[in-house]
Amino acid sequence: MKGHPSRQAPKGENNIESSGSSRRRKESAIWSPGEARRPILEEAPVYYPNDEEFKDPLGYIASIRHNAQKYGICKIIPPASWSPPCPLREKNVWECAKFSTRIQQVDLLQNREPMKKKKTRKRKRRLHSKTGSTRRQPRSLGSESNTHSDSSDDKFGFQSGSDFTFEEFQTFSKDFKELYFRMKDTEVWKPSIEEIEGEYWRIVENPTDEVEVLYGADLETGVFGSGFPLESSSPKSSTLDQYATSGWNLNNLPRLPCSVLCFEENNISGVLVPWLYIGMCFSSFCWHVEDHHLYSLNYMHWGEPKIWYGVPGSHAAALEDAMRKHLPDLFEEQPDLLHELVTQLSPSVLKSEGVPVYRAVQNAGEFVLTFPRAYHSGFNCGFNCAEAVNLGPVDWLEHGLTAVELYSKQCRKTSLSHDKLLIGAASEAIRALWELSAVKNINSINLRWRSFCGKDGMLTKAIKGRIEIEEERLERLLPLVQLQTMDKDFGLKDEQECFSCFYDLHLSAVKCQCSPGQFSCLKHSNLMCSCKPENKTVLVRYNSDELNTLVQALEGKLDAIEQWTSKDPDNFSLNRRQHNSVKQDSERDGLETDPSMKNDSLSGLLREETHNPKKQCSSCSDDATTSYASSHSSGKKLFGVDLSRGSPSVQQNGIFDSEIDPLSTKVSERTLLYHVDPLKLGSIASGKLWCSKQAIFPIGFRSRVKFFDASSPEITSSYICEILNGGLIGPLFKVSLEECPDTNFVSSSAQKCWEMISRRVFEELATKLNPGRQDLPPLQPDTESINGLGMFGLLSPPIVQSIEALDTNYQCLEYWNNKLKLKDECVTVKGPSGSSESTVDMARSAVMERGQCSGTKVATEEEHADYSSSNTELQLVLRRLLNKADPEELRIMHKILCSGSTSPEWRIAFATLSQEILRKV
């Protein structure tokens with residue numbers, strides 16, 4: 001045994017006062033059941049999700065939040081079917097991996113003297129450790145103990161203990177508990193949870209002896225390893241994959257879709273990366289709230305129970321007041337005592353001060369959830385292992401704002417950029433609104449984001465609240481200082497903070513000419529220097545109009561949604577959840593794909609310029625099964641990448657069919673052929689937005705084209721191009737990888753859509769071609785080298801002719817005016833109902849063109865003049881036609897013939913007849 005649970009008090013210390021409590025000398029610390037101080041508390045709620053509910057962690061937490069948050073904590077018991085394996089139990093880890101511990105003086109967690117009074121009296125330790133004088137730096141991240149260790153004589157803290165393997169610590173914990181409770185005297189009996197709890201609070205409240213234990217707390221899973229299987233390290237099996245990708249796997253939970261923490265790029269240990277806690281009997285986690293008042297979720301992998309105590313976030317201030325009242329000396333010496341996580345106060349005392357405290361007993365295989373700003377504490381009943389992490393659903397944002405404002409007042413450093421998370425969540429929600437309204441991409445994630453929006457949505461309210469604070473502070477400075485838009489990358493890599501209060505400066509910052517590298521928040525610009533206000537500049541990421549647009553977009557205004565998403569082309573990319581490794585159910589478009597078109601090498605798209613991609617008009621067919629090859633001369637550029645810049649070649653999959661020197665400045669010119677297969681022609685829509693001079697944009701049009709893969713540009717993949725109904729916005733052009741529909745690009749312009757794809761391909765290629773090269777000039781994508789309409793197939797003669805045939809009423813006026821190149825004497829087409837349109841010319845040209853394309857001979861007026869048919873034959877043909885007409889139709893025909901050939905009615909009739917001839921031949 002490495003140590004003893006207690007020690008004798010040294011001679012001369014028999015009646016030492018410690019915060020009003022006396023400590024009497026005893027030979028050894030043992031259980032005193034008659035002096036138990038177990039608090040009588042109401043139990044926190046327990047929830048039992050079924051298999052279906054358990055599939056969606058954030059959704060389930062949202063469903064219980066309204067009732068559970070009133071308790072501060074709650075327990076979640078997974079379905080019986082959920083039983084993840086624990087890699088930490090494997091023999092090589094159990095017997096070999098060592099973790100560090102901390103020494104906790106349980107009897108001093110509540111009753112201790114201020115450190116100034118203790119300098120003359122040093123406590124001796126019986127617990128022998130293999131450590132030196134250095135100790136861990138304090139941390140304030142994580143979700144269970146975050147126990148502080150400090151070697152300074154000015155602060156009370158937990159010193160470093162010995163290192164253990166799991167096997168060694170299990171033996172140490174077992175020996176301690178058996179000795180303390182004298183369990184070796186009987187082979188059957190062991191103390192109940194209630195008896196252990198009563199003894200624990202006796203030690204804390206009314207200590208008679210010195211009791212020290214060890215705690216393996218705040219162990220970084222990124223270093224030591226997680227208790228959950230990881231997707232990257234797990235062997236391929238359906239069982240392991242189920243748990244490696246589960247949302248309840250704490251390695252995945254923080255960055256689930258619709259979690260605000262998705263927008264934090266750094267893997268912050270203890271917040272986004274779970275921590276492990278290896279406990280023994282009486283090892284403790286003292287009263288604290290989570291960093292930034294986040295939620296936390298704790299899962300016990302194995303072992304004896306852990307007892308939790310929670311206080312609702314609504315009573316956080318009341319708990320702080322009660323602790324200051326009952327421990328005045330400690331708070332006088334150390335005002336930020338609660339940040340150190342080394343102090344307990346009995347739940348019984350808190351109850352007496354009107355603070356509601358609730359209790360939960362966590363067993364192996366169970367979760368404990370803590371809510372924003374809910375103080376919690378507890379201790380372990382024996383050897384166990386738990387893992388914990390933070391999470392940030394959208395409803396946390398209002399609590400997070402309260403936290404950063406409080407931190408600013410306390411001059412306390414932040415762990416996260418709250419504003420960056422807030423803006424990221426708002427932009428993602430707007431993207432979801434865009435997909436739902438414009439792209440009709442209906443899935444559970446988009447619908448959930450939409451539920452946070454609207455005038456009364458919690459995300460909208462969070463944005464409005466933050467903007468109000470910002471505008472109020474700006475008004476105090478303007479117009480005394482200049483206003484300037486900050487650089488796009490300001491504070492994104494190295495987060496900037498106020499020199500005075502450490503407030504995050506993502507949205508705004510103040511700088512002065514006298515100190516270029518120093519910034520302040522809007523509140524403390526006057527403390528930065530003594531310069532005049534006119535020498536200072538306020539940097540803002542968004543101006544007032546942009547912030548108003550953001551609010552309006554969240555409220556659901558389509559023009560604002562369009563305006564906000566168009567600010568950054570990347571906002572249209574629908575695969576931005578790069579950190580999410582959890583499998584999500586998403587609705588697919590149901591497109592039939594041709595497997596033979598997938599995974600072709602890039603060399604299949606590289607052709608010599610001598611190849612003629614054009615096809616004869618005779619190949620045109622209305623069934624939309626014809627391919628079209630679009631030829632784009634690349635010169636020395638490949639989809640926008642300037643190859644003459646000295647990029648190494650990628651020989652994989654034949655991206656080039658000739659050797660290229662990595663630093664060569666010459667590359668042979670190629671012609672890229674993009675073969676477009678029409679899948680569906682769609683239907684004609686009226687309105688000027690549904691065509692251009694170059695093309696018609698049918699609703700529901702779909703085509704397939706091969707292009708460089710947006711994720712792996714060394715291969716080619718098939719893309720599905722679609723034209724969707726964007727409502728008032730008009731047509732929306734959507735391109736998605738056929739093999740991965742989640743990789744989508746959407747824009748109101750076909751050109752912009754393919755420019756985004758080209759840019760993405762360029763970025764991936766640049767990374768692959770020049771990894772780590774700092775000596776090469778930066779490559780710039782040439783987005784002019786790709787034709788968006790051509791990539792959709794809307795410039796293909798066969799596809800164009802098929803689409804034209806759909807517009808029987810010539811609704812796409814701008815297109816037809818440009819197509820027919822009307823002569824000066826011809827009046828501009830205004831539509832079928834207009835009275836001054838050149839419908840005859842239009843119809844004649846269209847019929848002639850279509851007839852030639854289809855191989856059908858259509859008679860001209862000259863040929864009509866030579867047409868020799870007797871009056872009798874003409875009458876017979878007309879009677880056969882007119883016999884099928886009803887009286888109303890005959891009346892209309894009579895009116896048209898009487899109107900004369902120069903009337904609008906006659907012209908429309910002639911055009912309609914011409915169209916019918918074309919349709920039936």
Side-chain angles (χ1 to χ4, degrees), residues 3-10 13-26 28-30 32 35 37 101-129 131 135-136 138 145-161 176 180 197 199-215 217 279-288 309 323-324 326-334 336-350 377-380:
H4 303 282
S6 62
R7 58 188 178 282
Q8 291 184 351
E13 292 188 14
N14 289 349
N15 294 305
I16 297 175
E17 294 296 324
S18 176
S19 298
S21 297
S22 63
R23 174 178 293 138
R24 63 180 181 274
R25 179 176 180 271
K26 299 185 66 175
S28 62
I30 60 172
S32 302
E35 301 177 16
R37 293 291 188 95
T101 62
R102 298 175 187 173
I103 301 170
Q104 293 186 327
Q105 300 161 252
V106 183
D107 56 302
L108 297 184
L109 294 180
Q110 177 176 316
N111 286 290
R112 64 176 181 268
E113 296 175 341
M115 295 302 292
K116 294 178 181 178
K117 295 182 180 180
K118 291 200 57 149
K119 285 185 178 180
T120 59
R121 286 197 297 270
K122 301 285 187 178
R123 288 166 54 95
K124 297 181 181 179
R125 291 198 310 273
R126 285 294 189 103
L127 277 173
H128 305 295
S129 64
T131 63
R135 298 170 189 166
R136 290 171 178 252
S145 73
N146 299 324
T147 43
H148 174 85
S149 71
D150 197 320
S151 60
S152 171
D153 289 337
D154 296 331
K155 288 185 178 182
F156 173 79
F158 301 148
Q159 297 182 0
S160 296
F176 172 92
Y180 191 94
E197 184 179 22
E199 177 63 10
Y200 173 80
W201 287 110
R202 182 197 71 79
I203 299 171
V204 173
E205 286 190 80
N206 189 28
T208 55
D209 295 282
E210 298 167 346
V211 178
E212 291 181 349
V213 295
L214 301 180
Y215 199 7
M280 63 176 287
C281 187
F282 298 149
S283 59
S284 309
F285 50 105
C286 299
W287 287 112
H288 69 286
Y309 305 97
M323 293 194 71
R324 290 189 182 95
H326 286 269
L327 305 172
D329 293 342
L330 298 182
F331 277 91
E332 181 182 356
E333 179 182 62
Q334 198 172 348
D336 62 346
L337 182 63
L338 284 172
H339 301 165
E340 305 299 329
L341 300 90
V342 293
T343 305
Q344 291 283 48
L345 185 65
S346 170
S348 299
V349 176
L350 292 173
S377 70
F379 69 96
N380 299 292

Review point. Can you tell me how far the CD atom of Glu197 sits from the CZ atom of Arg202, to the nearest 0.5 Å?
Key: 14.5 Å
**Study point:** Asp107 side-chain N/O to Val211 backbone N/O, donor-acceptor pair under 3.5 Å
**Key:** yes
Practice item. Walk me through it: do Glu340 and Gln334 pass the test side-chain contact (heavy atoms from CB on, under 4.5 Å)? Key: CA-CA 10 Å; Glu340 305 299 329; Gln334 198 172 348; 3.0 Å; yes
Practice item. Could you tell me whether the side chain of Ser284 and the main chain of Phe282 form a donor-acceptor pair under 3.5 Å? Key: yes
**Study point:** Minimum heavy-atom distance between Leu327 and Gln110, given as atom pair plus value
**Key:** CD2-O, 3.5 Å
Check your understanding: Passes side-chain contact (heavy atoms from CB on, under 4.5 Å), Thr343 versus Leu109? Steps please.
Key -> CA-CA 5 Å; Thr343 305; Leu109 294 180; over 6 Å; no
**Study point:** Closest approach of Gly378 to Tyr200 (non-hydrogen atoms, all atoms of both residues)
**Key:** O-OH, 4.3 Å
Practice item. Output the distance between atom CD1 (Ile203) and atom CD (Glu205), rounded to the nearest 0.5 Å. Key: 11.5 Å
Practice item. With the side chain counted from C-beta on, respond yes when Met323 and Leu338 share a heavy-atom pair under 4.5 Å apart, and no when they do not. Key: yes
Practice item. Using the six-membered ring wherever Trp is involved, compare the ring planes of Phe176 and Tyr180 and label them parallel, tilted or perpendicular (cut-offs 30° and 60°). Key: parallel
**Study point:** Pairing residues for Ser377 by the side-chain contact (heavy atoms from CB on, under 4.5 Å) criterion, not counting sequence neighbours
**Key:** Trp287, Tyr309, Gln344
Practice item. Using atom types as modelled and distance alone, determine if a side-chain donor or acceptor of Asn111 lies under 3.5 Å from a backbone N or O of Val204. Key: yes
Review point. Going from CG on Leu341 to SG on Cys286, what distance comes out if it is rounded to the nearest 0.5 angstrom?
Key: 7.5 Å
Check your understanding: Of the non-hydrogen atoms in Glu212 and Ile103, which two are nearest, and what is the gap between them?
Key -> OE1-CG2, 3.8 Å
Exercise for review: Starting at OG of Ser346, measure out to NE2 of His326 and round the result to the nearest 0.5 Å.
Suggested key: 10.0 Å
Exercise for review: Could you grab the distance from atom CG of Asn206 to atom CD of Glu35, nearest 0.5 Å is fine?
Suggested key: 6.5 Å
Practice item. Could you tell me whether the side chain of Gln104 reaches within less than 4.5 Å of the side chain of Ser283, counting heavy atoms only? Key: yes
Practice item. Kindly write out the residues that satisfy side-chain contact (heavy atoms from CB on, under 4.5 Å) with Arg324, not counting sequence neighbours, or none if the list is empty. Key: Glu320, Asp321, Phe331
Review point. Shortest non-hydrogen contact from Leu337 to Leu330?
Key: CD2-CB, 3.8 Å
